[in-house]
K.L.:
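Take this structure, written in structure tokens, and hold onto it; I'll ask about it next.
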Amino acid sequence: MLFGQKVHPLSFEYGARASVKGKGIEVRGESFKARVGCDAITDFCARVRIENPNATHAGNYSDGVVEKYRAGRAIAPQKRAGGGGGRFEAKGAIIDIGASRMAIEFAHGLKIETAAEGYGFNGAKSIFNFDVPGATGFYGFGERTKRFNKSGDSLDFYTVDVMAVWPQSYWRDDYDPAYVSIPLAIIRVGEQCCGLYFDSAERLVMDCGQIQPGRFIVQAMAGQTDLYLINGPTLRDVVRNFTALTGRAELPPGWALGYHQCRWGYETAEEFEALAANFARRDIPISALWYDIDYMDGYRVFTWDKKDMPRPRALNESLKKQGIRTVAIVDPGVKIDKGYEVYESGKAAGVFCKTASGRDYVGQVWPGDTVFPDFTQETGREWWAGWLARFLKESALDGAWLDMNDPSTGWCATEDMLFGGGTLPHARYHNQYGHFMAKASRRAFEKLDPDRRAFLLTRSGFTGTQRYSAIWTGDNDSNWSHLRMSIPCTINLGLSGVAFNGPDVGGFAGNATPELLVRWYQAGFLFPFFRNHSISNSKTQEPWQFGPEIMDRIRDVLRTRYRLLPYLYQCFFENHLTGDPVLRPLLYEFEDRELENIDDQYMVGGSLMVAPIVRPGEGADFIMSGGVRRQLRHITLPAGWWYDLNIGEWVEGGRTIRYGVAADEAPIFAREGAVIPWYHGKLKNGDTLLDDFETHVFARDGGTATGTFYIEDQETRAYLKDGFNTATITVALSGREASVKVRETGPLKGGAIRLDRIVVYGASGLSGKGWKPGTRRWVARDIPVSAPAKA
Ligand code: MIG
């Protein structure tokens with residue numbers, strides 16, 4: 001089957017009779033007898049399983065749902081009054097099952113029904129035909145190209161190495177599938193949302209009205225599909241519930257929130273030293289340098305090329321002294337090489353994937369002929385974790401970068417790779433290969449020091465990968481459509497549970513122009529993961545490569561990111577606690593029909609809105625204002641008031657405005673009522689402390705602002721055990737007075753907020769000093785506005 005192809009719904013057989021039998025419903029078609037069961041999982045989630053009698057296997061091999069929610073409690077169906085079929089009544093939803101039809105009524109009232117031919121089978125394949133004429137929004141689906149709202153679109157769930165699969169067209173913004181597979185559909189009907197999570201690691205396709213408008217069609221190509229019904233009613237509710245089900249990320253180490261510099265082609269220790277010196281000399285903050293494959297000895301995993309990298313440990317330690325952490329790429333492919341310890345020990349332990357012939361599966365990757373650890377097995381994970389732990393420790397590395405785990409096998413058919421010693425078919429774990437590699441790799445960090453926070457970045461992933469790793473969105477291209485699509489891609493991945501993600505800034509393949517590079521930094525400087533990365537032999541794209549003017553613009557936004565690190569950190573904390581993504585669509589904060597498709601603007605947390613330039617200036621409209629040439633774009637301001645941090649004034653929302661953006665500006669707005677921590681001190685790369693901040697308050701005359709701060713050591717995993725404090729700060733403005741209240745609760749001796757550092761924006765008459773009109777730049781060298789309010 002080619003990507004994008006589906007099986008015609010008329011090719012499936014649908015049931016003719018259904019009757020309650022014990023704890024399930026028996027459904028009969030002409031050629032099949034199937035069983036439908038339902039389990040209560042939580043108050044907000046029920047699970048329906050329609051057992052395909054011809055499925056390739058009975059069990060569910062997905063690692064998507066966290067263990068405690070896998071069992072569930074079987075619900076006995078009630079007979080239907082009208083005869084035939086039955087009803088399952090769970091707390092979250094009532095599910096009515098007929099012979100070929102299914103109707104779901106969520107506790108919050110939203111009804112989702114299938115068509116008359118609603119679920120059925122075609123051999124090992126299963127189909128769900130939902131009839132959703134009122135659906136206007138389709139979101140989630142993991143990592144995706146194109147636009148935010150998938151209404152009218154079709155999606156394939158099969159993890160691939162994009163550049164290898166689409167060498168001629170990866171640079172377009174419409175390839176599908178990508179590297180990650182998360183079969184979650186968030187559907188918005190009227191004013192309500194619900195989530196349908198199809199927990200299957202096998203290949204699936206979802207069609208959101210492309211083959212038939214008003215239909216949402218899901219086809220599972222093999223295996224059993226457990227359908228988890230995730231309650232809304234808001235988008236936020238769905239995401240919180242889905243992440244409760246599939247796990248939320250632990251907090252990353254603070255340095256991982258900083259700026260990362262990478263390039264395929266950095267080769268020698270001298271180059272890395274020079275990079276660090278370049279950042280220092282130019283006063284550009286940087287938290288990590290990355291080692292791509294060139295550091296290895298003949299691309300052998302867990303080795304260093306002793307010629308170019310004679311003393312990796314010393315190098316990494318010296319970089320760390322400058323506040324720069326190091327992350328090294330590790331590929332799953334192990335070189336077949338007699339005498340190479342890693343290979344020999346894996347061979348001896350029998351941890352490599354096999355083929356049907358019983359031999360080790362062999363692929364072609366960077367080192368040539370390679371074998372692949374079976375991460376799906378405990379023995380494989382343990383073996384890998386041991387090697388990775390040793391490598392991280394001996395080399396004094398801070399993080400691991402997991403690549404080529406889609407898995408990418410060169411010219412060798414990936415499907416021949418079997419799991420479980422050759423007993424389990426490829427398809428069962430294909431989509432989870434990267435996920436299990438991440439799981440195994442995370443264990444390496446735990447082995448080293450269970451108290452230390454881990455940093456991992458993976459290319460491929462599956463539902464729940466956020467429990468183990470961050471994700472970058474793979475090999476993009478230095479072009480405008482890839483800059484444009486990076487926003488919806490990061491947003492949908494965030495709605496699917498993986499908040500910590502981002503694209504290669506500046507674009508990986510191809511050559512960035514100075515204009516594209518600057519706009520990419522300005523568009524992405526508050527993305528959760530922020531790394532400049534490029535392919536070997538492309539034009540170099542470090543911040544200084546295009547001269548001082550370009551560098552200044554890049555440095556401005558990078559510094560602003562560091563100023564806002566305490567805010568980003570709070571967003572990560574919220575994500576850890578609730579599942580709320582860091583980067584959010586406007587719809588997440590304002591449930592407004594008008595915002596359903598907006599994806600060239602986004603919220604960072606609940607308080608900041610960014611509306612970047614994502615199109616080239618050439619051919620665009622410009623205006624002159626204040627003697628400056630400004631590129632025009634539309635900005636939609638949701639209801640309420642917004643403080644324009646470039647201009648320094650309040651703008652009323654509930655409308656779309658035309659807005660002029662100078663070459664050195666990144667439009668950013670603070671939401672009325674926001675309280676935003678702003679790092680106050682000297683920037684110290686990855687050692688920048690996150691708790692030394694001013695408290696920036698955005699309230700209007702007579703209004704209030706509230707912010708929440710989570711307080712713990714920001715370094716260890718102690719917060720998981722010993723807890724953390726929560727401080728709420730409330731500022732009320734009235735006339736010339738500001739009253740400030742801080743409430744801190746929790747087990748720790750706290751006190752992170754310093755009341756002498758409260759800065760109030762844009763409240764007229766608060767003080768003669770107030771905000772400085774004409775101070776146009778928050779994204780800037782200067783912190784504008786400083787009127788310490790009377791506490
Ligand atoms: O075949 O390690 O997506 O980030 O620079 C390419 C070299 C292998 C693919 C990754 C990219 C990385 C590159 N890798």
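We count ligands from 1, going down the list as the structure has it; atoms in each ligand are counted the same way.
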K.L.:
Is a donor from one side chain sitting under 3.5 angstrom from an acceptor on the other, for S478 and N511?
P.N.:
no
K.L.:
Tell me whether E341 is salt-bridged to R390, with the criterion being a basic N under 4.0 Å from an acidic carboxylate O.
P.N.:
yes
K.L.:
Would you call D504-R531 a salt bridge at under 4.0 Å N-O?
P.N.:
yes
K.L.:
Which protein non-hydrogen atom lies closest to atom 2 (O) of ligand 1, naming both residue and atom, and how far is it?
P.N.:
D292 OD1, 2.5 Å
K.L.:
Would you confirm whether the ring centroid of F391 sits within less than 6.0 angstrom of the ring centroid of W384?
P.N.:
no
K.L.:
Just by modelled atom types, is the N685 backbone N or O under 3.5 Å from a matching donor or acceptor in the T688 side chain?
P.N.:
yes
K.L.:
Which atoms of ligand 1 sit under 4.0 Å from any heavy atom of D403?
P.N.:
2 (O), 3 (O), 8 (C), 9 (C), 10 (C), 12 (C), 13 (C), 14 (N)
K.L.:
Under 6.0 Å between ring centres: does that hold for H435 and Y468?
P.N.:
yes
K.L.:
Which ligand 1 atoms does I329 reach within 4.0 Å, using its non-hydrogen atoms?
P.N.:
2 (O)
K.L.:
Which atoms of ligand 1 have any heavy atom of M404 under 4.0 Å away?
P.N.:
1 (O), 8 (C)
K.L.:
Could you tell me the residue and atom name of the protein heavy atom closest to atom 11 (C) of ligand 1, and the distance to it rounded to 0.1 Å?
P.N.:
D475 OD1, 3.5 Å
K.L.:
Is there at least one pair of N or O atoms, one from W366 and one from ligand 1, spaced under 3.5 Å apart?
P.N.:
yes
K.L.:
Answer side chain, backbone, both or neither: which part of W290 comes under 4.0 Å from ligand 1, heavy atoms only.
P.N.:
neither
K.L.:
Tell me the ring pair (Phe, Tyr, Trp, His ring centres under 6.0 Å) pairs involving residues 470-498, sequence neighbours left out?
P.N.:
W401-W472
K.L.:
Sequence neighbours left out, what passes side-chain contact (heavy atoms from CB on, under 4.5 Å) with E267? Give chain and number order.
P.N.:
E271, D294, D308
K.L.:
What about W472: any of its N or O atoms under 3.5 Å from an N or O on ligand 1?
P.N.:
no
K.L.:
Which of the numbered atoms in ligand 1 are under 4.0 angstrom from any heavy atom belonging to F508?
P.N.:
4 (O), 5 (O), 11 (C)
K.L.:
Does the residue Y291 have a heavy-atom contact with ligand 1, meaning some pair of atoms that are separated by less than 4.0 Å?
P.N.:
no
K.L.:
Measure from the ring center of Y521 to the ring center of F530 and say whether it is less than 6.0 Å.
P.N.:
yes
K.L.:
Return a yes/no value for D504: is any of its N or O atoms, backbone included, closer than 3.5 angstrom to an N or O of ligand 1?
P.N.:
no
K.L.:
Relative to the heavy atoms of H533, which atoms of ligand 1 are at a distance of less than 4.0 Å?
P.N.:
4 (O), 5 (O), 11 (C), 12 (C)
K.L.:
Using a plain distance cutoff, I'd like to know if W264 has any nitrogen or oxygen under 3.5 Å from a nitrogen or oxygen of ligand 1.
P.N.:
no
K.L.:
Can an N or O of R531 be found at a distance shorter than 3.5 Å from an N or O of ligand 1?
P.N.:
no
